[in-house]
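This report concerns only the one structure given below.
The figures here come from the full heavy-atom set of this structure, side chains too, leaving out hydrogens, waters and symmetry mates. We name chains A, B, ... by the order of the sequence lines, and we start the count at 1 in each one.
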Amino acid sequence: MKYDFNTIEQKWQDYWAKNQTFKAENNSDKPKYYVLDMFPYPSGAGLHVGHPLGYIASDIYARYKRHQGFNVLHPQGYDSFGLPAEQYAIQTGQHPAITTEENIKTYRRQLDQIGFSFDWSREVRTSDPKYYKWTQWIFIQLFNSWYNKAHDKAENISELINIFESEGNITVKAACDDNVPLFTAKDWKAFSSEEQQRILLQYRLTYLAETEVNWCPALGTVLANDEIVNGVSERGGHPVIRKKMTQWSMRISAYAERLLQGLETIDWTDSLKESQRNWIGKSVGASVTFNVIPNATRHPINGSHKIAVFTTRPDTIFGVSFMTLAPEHELVSQITTPEQKVEVEAYIEATAKRSERDRMADVKTITGVFTGAYAEHPFTKEPIPIWIGDYVLAGYGTGAVMSVPCGDQRDYDFAKHFNIPIPNIFKDIDISEEAFADKERTIIANSGFLNGLNFKEATRKVIEELEKIGHGEGKINYRLRDAVFSRQRYWGEPFPVYYVNGMPQMIDEQYLPLTLPEVEKYLPTETGEPPLGNATFWSWDTKNNKVVSNDLIISTKGGAPDMESHNGVYPLELNTMPGWAGSSQYFNRYMDPHNEQEIFSQEAVNYWRQVDLYIGGSEHATGHLLYSRFWQKFMFDLGLVPHDEYAKKLINQGMILGTSAFVHYTIISSPELNQKFYVAIQEKDVVNYKEIVEKHLGDTNLKDAKFLDLYEMHVDVSLVNASDELDIEAFKIWRPEFKNADFITEEDGTFKVKRDVEKMSKSKYNVVNPDEICEQYGADSLRLYEMFLGPLEQYKPWNTAGISGVHSFLKKLWKLYFDDQGFKVKDREPSKASLKTLHKTIKKVQEDIENFSFNTTVSTFMIAVNELTAQKCNSKDILEPLLILISPYAPHIAEELWEALSHKESISTALFPKFDESHVMESTKNYPISFNGKMRFTMELPLDMSKEAIEEVVLANEKTQEQLNGRTPKKVIVVPGKIVNIVG
RNA sequence: GCUGAAGUGGUGGAAUUGGUAGACACGUUGGACUUAAAAUCCAAUGGCCAUUAUGGCCGUGCGGGUUCAAGUCCCGCCUUCAGUACCA
């Protein structure tokens with residue numbers, strides 16, 4: 001019988017689906033294990049061979065855990081809201097829901113053919129109203145919460161209102177906006193309802209505020225910091241500018257410290273944790289307040305102003321020789337003197353015009369301008385000139401710095417450039433060339449009460465003094481900014497929000513989900529509103545078939561919208577939520593995906609608790625993986641989840657890259673020619689291509705024609721064979737403009753292309769489709785090969801040629817069970833050698849899987865099968881457990897052979913075989929004997945021999961004596977089980 | 001600049017944590033089977049030298065060091081990839 005993989009794989013995929021083999025129950029006597037993949041965005045291009053890598057790894061682990069007797073949850077779903085479907089809709093008018101549905105079908109078919117053990121009964125889709133109902137629900141919970149720093153957790157906003165009513169906000173320690181005014185309980189009660197709401201908004205965990213955002217004109221939407229790469233949009237590479245807009249934001253900064261601390265408790269890779277630490281960017285220092293001197297110049301400044309700065313070096317405060325404000329700083333216009341006004345305004349305008357990218361590009365150019373104003377040094381009372389400069393960022397700290405040129409290189413450069421004095425406050429340090437920033441070696445001088453102190457002592461002392469005079473305090477600053485949560489797009493979750501007098505109100509939970517309305521066009525409206533502004537009606541309560549008009553929402557009764565009485569007309573929020581909204585809690589929803597009453601039941605979440613193993617790409621380090629941790633901590637504060645970290649262990653799979661092929665060519669044109677003439681050149685001839693083309697053309701009529709530069713183009717990799725030779729005829733059909741082209745080939749007519757490793761993408765024609773691989777070699781071969789390619793975490797190029805190795809392994813495996821005569825496994829006593837092979841394989845496989853070293857496991861299988869073939873093993877006692885070992889990697893063939901061994905149940909119910917050391921034990925060990933560190937021969941010795949006995953035997957040995965040649969050994973080293981080394 | 005990861009044959013990659021470097025696989029070469037091809041099987045395959053055979057020397061990015069013994073540990077460099085970037 002032949003190994004007919006296509007039939008076998010189809011058979012078992014159908015069997016698994018029909019019998020719901022991998023359906024997980026929310027209770028079991030078995031211990032639980034939760035294996036999660038990052039769910040895919042279903043793109044129109046379908047899967048290429050790089051996509052399933054992580055899924056194969058997690059599937060192997062999930063199947064392995066089932067064999068270990070665990071109740072395994074291994075779900076899958078789709079992150080189905082997103083920009084590509086919307087852009088496709090803009091171009092074609094096709095509703096994103098339809099293209100998304102089609103793409104999901106393709107994905108599902110492709111995933112199914114690889115034989116994953118997903119529990120599809122738990123599938124979620126972020127664009128499904130039944131799912132995004134709960135995304136909207138979480139948004140409402142965030143809106144109704146504030147962060148109490150005293151308890152270090154989120155609490156209900158009603159508790160904050162209680163405090164305001166009894167004591168105002170003076171005693172409240174909350175994560176809130178910086179500019180909240182202080183008020184008493186009496187003040188609070190005197191505020192209008194609208195004023196109260198405005199104040200509460202400054203405390204809520206999701207809030208509406210006018211913020212400076214990253215606006216991408218080409219995409220017509222704002223972007224979060226992690227969606228910008230090198231100053232351009234991550235998607236499409238469009239320029240991004242800063243713009244002030246009223247937007248929803250998430251107060252993730254409230255959780256900065258807990259997000260940082262939580263990293264200590266989870267088993268994620270160091271590099272990923274490090275990225276998150278950098279992104280959070282904690283720095284410890286002090287905030288210092290400087291008073292602006294009202295009449296330091298002929299033109300007194302109106303009112304009294306204070307400038308707060310954040311510094312990590314308060315110990316250098318006596319080295320301050322100027323201050324610098326960001327051009328966007330709000331005080332700039334108030335303190336600038338009339339003489340400086342023109343210059344300052346020109347400077348502000350010039351900086352505002354520069355895009356983020358330009359600003360990043362020339363960080364070396366020093367620019368700035370003097371405001372004319374002075375601040376007073378809190379200790380020396382000396383006047384300090386106030387400058388503005390674009391090296392100070394409005395978005396970090398307070399947007400103002402105290403400049404200490406002797407201790408900070410940027411301040412130093414700025415001072416040098418504008419001839420500002422650079423006082424030296426460091427003992428025995430030369431600062432004539434550059435600033436001195438080494439905290440460890442710092443001894444303060446010329447600094448009054450700080451003289452002689454080191455960095456630590458001086459910092460403590462100066463903070464103490466600042467607090468005494470009310471000019472500052474110790475402070476911790478984080479780089480992490482609140483996350484902008486509004487997107488001006490159609491294909492995303494609508495906000496459950498409407499506005500009364502411009503103040504946002506939450507739609508009552510009973511009316512969720514607020515479903516996405518139909519629109520004619522997916523572009524912004526003519527008045528510049530987001531695409532949702534095009535909707536003519538909204539339908540929300542699908543159960544009761546209630547419909548409301550576009551910008552109308554029905555009046556409220558006691559804060560909740562009342563569907564029955566049509567008393568008022570209020571606009572709805574027209575923005576939608578960003579891509580990361582739907583992916584920030586999906587892992588918990590899988591635990592109880594069909595629950596319509598709650599986001600998930602407490603029974604379910606207390607059973608599954610945490611994700612035990614999460615596999616996905618590292619590109620989400622500062623996006624999804626940070627936001628989802630934030631939401632989990634929030635859910636924990638609400639008492640909804642038992643852990644405030646949702647994923648115990650995380651592995652980043654590396655990317656599988658494509659091997660692109662390129663053809664070089666030049667185009668010849670001359671007046672005599674009607675058309676352009678292409679000449680393709682092999683890579684080796686590229687350097688001297690002009691000479692070679694001329695020589696090639698010889699005396700033809702093209703001889704005197706001019707030819708253009710050399711071009712390089714991607715060639716479809718399917719037109720190139722394993723030896724990099726191009727199929728020229730097929731190429732000419734693929735690219736008709738080359739129909740009459742000349743190819744400068746080898747003498748034997750072959751034409752070699754250039755190869756390069758790049759990301760797989762349609763536009764590079766280097767995509768390898770898993771469908772073809774499954775068709776030609778089978779899913780088991782694909783699974784094994786993807787693992788065999790190299791370590792899971794590593795980036796590695798795909799090369800289809802190598803798959804024949806794993807494929808012939810499967811054929812050899814098959815032959816252990818079936819030959820031409822049929823099934824050949826017998827119920828007979830296994831040989832000692834076969835038992836040894838089996839048990840050393842059990843041990844190695846178990847160790848490898850537990851270390852996620854999947855590539856070496858495949859080698860282990862190959863060695864085992866080769867050995868058993870050589871041993872002519874046909875014993876059931878060996879071949880049956882062997883299948884269980886291989887089954888996580890190649891489940892289809894394992895099921896088929898398992899069935900041939902007369903099993904009625906799926907192999908997934910079988911328990912992993914136990915390793916028995918006695919079969920592997922050897923009574924003797926080969927000791928390598930070396931002289932002066934060089935290995936000369938080996939000698940078999942019993943395992944239980946003592947060091948001394950080994951030494952004696954070795955020295956008495958004939959070969960040893962030969963090597964020693966009459967000399968007496970100086971030293972003999974014996975490490976039992978390892979090596980004997982004799983120093984002559 | 002900073003942070004993290006990594007440099008091993010023609011190629012992908014192994015190496016029980018300091019103990020015979022190159023497992024396993026691809027590729028290549030030779031052979032068997034076949035009218036032929038495919039498939040399958042066998043053998044060789046880091047480099048150099050020697051050869052009738054046994055063999056010898058050099059080899060894990062570079063330069064040092066520790067050790068009886070270093071791909072692995074220490075010091076100093078170089079290169080590549082990824083993330084981040086005027087963060088006060």
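In this structure, A/Lys2 atom NZ and B/U40 atom P are separated by 11 Å, rounded to whole Å. At whole-Å resolution of the value, NZ in A/Lys844 and P in B/C24 are 12 Å apart. When rounded to the nearest whole Å, the span between CG of A/Asp413 and C1' of B/A88 equals 14 Å. Per the geometry, CG belonging to A/Asp270 stands 9 Å off P belonging to B/G4, to the nearest Å.
Note on A/Thr269: nothing from the nucleic acid sits closer than 4.0 angstrom, heavy atoms only. Residue-level contact check: A/Gln409 touches neither bases nor backbone, having no heavy atom under 4.0 Å from any strand. Across all strands, A/Pro791 comes closer than 4.0 Å only to sugar-phosphate atoms, never to a base (heavy-atom distances). If you check every strand for non-hydrogen atoms under 4.0 Å, A/Asn799 touches nothing. Residue A/Asp411 is classed as having no contact, given no heavy-atom separation below 4.0 Å to the nucleic acid. The residue A/Ser859 sits close to a base: some heavy atom pair falls under 4.0 Å.
Side-chain nitrogen and oxygen atoms of A/Arg277 include none within less than 4.0 Å of the OP1 or OP2 phosphate oxygen of B/G4. The side chain of A/Asn855 contributes an N or O atom lying less than 4.0 Å from OP1 or OP2 of B/A14. For A/Asn866 and B/C42, the shortest distance from a side-chain N or O to OP1 or OP2 is not below 4.0 Å. Within the structure, every side-chain polar atom (N or O) of A/Thr312 is placed at least 4.0 Å from both OP1 and OP2 of B/C87.
For the 3.5 Å distance criterion, the side chains of A/Tyr347 and A/Thr367 qualify, holding a donor opposite an acceptor.
Remark: A/Asp4 does not engage A/Lys2 in a salt bridge, criterion side-chain N to carboxylate O under 4.0 Å.
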* Structure fact -> Parsed dot-bracket for RNA chain B after applying the Watson-Crick and G-U rules with both distances under 3.5 Å and | for other-strand partners is (((((((..(((......[....)))((((((.......))))))((((.....))))..(((((..]....))))))))))))....

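Nucleotides B/C81 and B/A32 place their P atoms 48 Å apart, quoted to the nearest Å. On the C1' atoms, B/U54 is 15 Å away from B/C49, given to the nearest whole Å. The same atom, P, is picked in B/U29 and in B/U67; the two are 49 Å apart, to the nearest Å. Only the P atoms considered, B/G63 is 23 Å distant from B/C68, to the nearest whole Å.
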